[in-house]
Amino acid sequence: MKKALLKFFERIEPDKKKSPFLHTLYDGFFTFALTPAHVTKGGVHIRDGMDLKRQMVHVVFALLLLYLFGMYNAGHQHFTALGQYPSLLSGFHLKLIFGIILMLPIFVVTHVVGLGIEFYYAYKKGHGIEEGFLVSGALIPLIMPPDIPLWILALSVAFAVWIGKEAFGGTGMNVLNIALLARVFVFFAYPTYISGDQVWVAGMEKLAAGSPVDYGWIHLNFFNPIFESFGWATYDAAATVADGYSGATPLSLAFHSGWEAVASQYTPSEMWWGTIPGSVGETSKPLIILGALFLIFTKVADWRIMVSMVGGLAVTAMLLNGWGATEFMKVPWYYHFYMGSFLFAMAFMATDPVTATSTPTGKWIYGFLIGVVGMVIRVLNPAYPEGWMLAILFMNVFAPLIDHYVLQANISRRLKRARASA
Amino acid sequence: MEFINVFIKTAFIENLVLSYFLGMCSYLAVSKSVKTAFGLGMAVIFVLGITMPINWLINEYLLSEKGLFGIDLTFLRFILFIATIAAMVQLVEMVVEKFSPALYAALGIFLPLITVNCAILGGSLFMISRELSLSNSVAFGLGGGFGWFLAIIAIAAIREKIRYSNVPPALRGLGMAFILTGLMGIAFMSLMGIDPAAFASK
């Protein structure tokens, strides 16, 4: 198998001189599939098989389950809004196919735009294709609302890759997290498409009761005949949104009327397993924790940031409990883990090794401050219902500064020790 | 309590650099290393913190109709404010030259140029247009200065970090600083909309 793959790659290798762009492309896909057999010549160097690309592939692995569940949940939320197939596993094929039809264009557009820019710059600079977009491209579809228009998605990805990364010199040089930069672009440029109660459920123009469902050609004329031939249930083009369905996320309920309002709509176990409306990948807590453990175990992500972030959230939330000036402040601190995207941000966003601090002490400070700032934005800022995206970007800006002072403190401490012993 | 509110609001939520884009010239020019940025930031905190109450007193007791002369002299505001600021900057310059010649050399022309730093005059004019009280104007000055200080040392640390990055040639130096300032502005927008006073009253 491996030999056949190698032979195949050898046969299709384009000439480097004659067609440099094709060779760049070839090189990118070759190193994606196989570890190159480069050996260092001269000097004593050790090459680790766990190179940057392998490391990034680990993150993509950790996200796979989230993709599967996210797609299914997008379908599940759609049918919940219609009042059909209320239990999780009924209408399985409908929900799964709906999610795939929804997510595939999002995934493709993200990659075509992001990788297109990346390939172009790699060719321009005469470098191999850099791996950075592997992870960003896998994260971006997961943090977008399922109903996002594709042209907005394309714009935001272009902005993030161009201004956030290529301007800084490519992979590993960016200051702000690329995936979050793409999301924050949508958030500030097209706020109605990414906040409010309407956007977290896909497949209909409006979520008001009685408004019709909006299926495309592929649902009705491609998949419906197939399902019919098996004798399964089909998409119902005449369905309308059920009475009393609002699509409100737990956070927006909690912000307006406290924990009781949340508990009346969603049970804690629903919020824990993730069968609630939200961004595609953020809802299922056990799968995120599984991914986080995988990343900690393979040492791709740093456990210090995760632990200190949980600490920052807990301390701030307890202080706000004590203050208790609004309904939202009175929500018991441990319920903040259930709502919104805290765990997702903790596992996959804050631990990004490029934009986080790089000193161990700095990581404790960085994670803790993300926890604090995120809670402040979530609870105290009436303009934004969720804080982790903005808190991580905020702390990304200060990460080099934290590192600088940690290093300075270390230098002066060692200098003192050296002077004392001399 | 209101003192703290005004301080937090001007330092973080309505940061002079990152949401009003005031005081850009020295912010962009002196942010190449954290050490000099730290020195300049401290100088700005000091100058803002001192000139705001002085300008408040001048405005209230010399220039307004209720003041010493009994006539409306507010058209003299700009010239008198700048004079106070210039005097304070001169003071800072003498102190820095005496106690830290290295910092004095590193800051160069930008230390006297604090005089025409728009963040400082802008601060005084904001103070008038928002009708702050004397104690709040001190908080406004210190908070504005602290926000400016935070912004400049943050960008200086980032610029130290990206010094070895392979930035496209056309963007090296100032171009990158502008892009960075914009991105930092996005990050600071996260706190916009928080109103400390709304919670204090409850």
Side-chain angles (χ1 to χ4, degrees), chain A residues 121 124-125 127 130 159-160 162-177 180-181 184-185 187-189 320 323-326 329 355 358 373-374 376-384 387-405 407-408, chain B residues 5 8-9 12-13 15 17-19 31 33-35 37-38 41 147 149-173 175-202:
Chain A
Y121 271 91
K124 263 295 215 213
K125 286 193 254 178
H127 285 183
E130 290 163 336
F159 171 81
W162 221 320
I163 306 288
K165 186 155 81 178
E166 296 306 337
F168 285 82
T171 300
M173 309 294 183
N174 48 306
V175 174
L176 298 182
N177 189 316
L180 288 179
L181 202 58
V184 87
F185 179 82
F187 194 79
F188 286 129
L320 289 170
W323 188 2
T326 62
M329 283 185 205
T355 54
S358 40
V373 175
V376 166
I377 298 172
R378 182 190 261 193
V379 179
L380 297 186
N381 194 341
Y384 314 133
W388 305 109
M389 165 180 73
L390 295 161
I392 291 171
L393 286 176
F394 189 80
M395 288 314 296
N396 278 345
V397 166
F398 288 103
L401 190 68
I402 297 174
D403 267 348
H404 177 88
Y405 281 114
L407 285 179
Q408 289 301 321
Chain B
N5 284 347
I8 290 175
K9 203 165 178 193
F12 294 104
I13 302 163
N15 191 295
V17 187
L18 297 172
S19 53
S31 57
S33 88
V34 177
K35 219 170 189 175
F38 188 90
F149 165 81
L150 259 189
I152 196 173
I153 58 173
I155 198 180
I158 297 176
R159 285 180 76 173
E160 276 192 3
K161 184 187 167 190
I162 66 170
R163 190 173 299 155
Y164 303 106
S165 302
N166 184 17
V167 173
L171 287 177
R172 277 180 201 153
M176 216 54 238
F178 272 111
I179 291 182
L180 265 175
T181 313
L183 293 179
M184 287 168 71
I186 293 180
F188 263 77
M189 273 176 87
S190 54
L191 300 172
M192 216 174 259
I194 299 179
D195 186 9
F199 298 105
S201 60
K202 275 178 191 164

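Just so we're on the same page: letters track the sequence lines, and every chain starts at 1.
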Turns out that what part of B:Met176 lies under 4.5 Å from chain A's heavy atoms comes down to side chain
For A:Ile163, which atoms come within 4.5 Å of any heavy atom of chain B: side chain, backbone, both, or neither?
both
So what's closer than 4.5 Å to chain A heavy atoms on B:Leu171: side chain, backbone, both or neither?
side chain
Please determine whether side chain to side chain contact (heavy atoms under 4.5 Å, CB included) holds for the pair B:Asn166 and A:Lys125, giving the CA-CA distance in whole Å, both sets of side-chain angles, and the decisive distance to 0.1 Å.
CA-CA 10 Å; B:Asn166 184 17; A:Lys125 286 193 254 178; 3.9 Å; yes
Contact winner vs chain A - B:Ala187, B:Gly182, B:Ser190, heavy-atom pairs under 4.5 Å:
B:Ser190
Which bit of A:Val184 comes within less than 4.5 Å of chain B, counting heavy atoms only: side chain, backbone, both or neither?
side chain
Under the ring pair (Phe, Tyr, Trp, His ring centres under 6.0 Å) rule, collect the residues that match up with B:Phe38, sequence neighbours excluded.
B:Phe149
Using non-hydrogen atoms and a 4.5 Å limit, figure out which bit of A:Phe394 sits close to chain B: side chain, backbone, both or neither.
both
Given B:Ile158, which of A:Leu176, A:Leu401, A:Val175, A:Asn396 fulfils the side-chain contact (heavy atoms from CB on, under 4.5 Å) condition?
A:Val175
For the residue pair A:Phe168 and B:Leu180, establish whether any side-chain heavy-atom pair is separated by less than 4.5 Å.
yes
Identify which part of A:Glu166 has an atom lying under 4.5 Å from any heavy atom of chain B, answering side chain, backbone, both or neither.
backbone
Region of A:Leu181 in contact with chain B, defined by heavy-atom distances below 4.5 Å:
side chain
Using non-hydrogen atoms only, which part of A:Tyr121 is less than 4.5 Å away from chain B: side chain, backbone, both, or neither?
neither
Neighbour count above 12 (heavy atom, 6.0 Å) for B:Lys161 NZ:
yes
Given a strict heavy-atom distance threshold of 4.5 Å, which part of B:Ile155 is in contact with chain A: side chain, backbone, both, or neither?
neither
Engaged part of B:Ile153 at the chain A interface, taking heavy atoms whose separation is under 4.5 Å
both
Go through the atoms of B:Ile179 and report whether side chain, backbone, both or neither lie under 4.5 Å from a heavy atom of chain A.
side chain
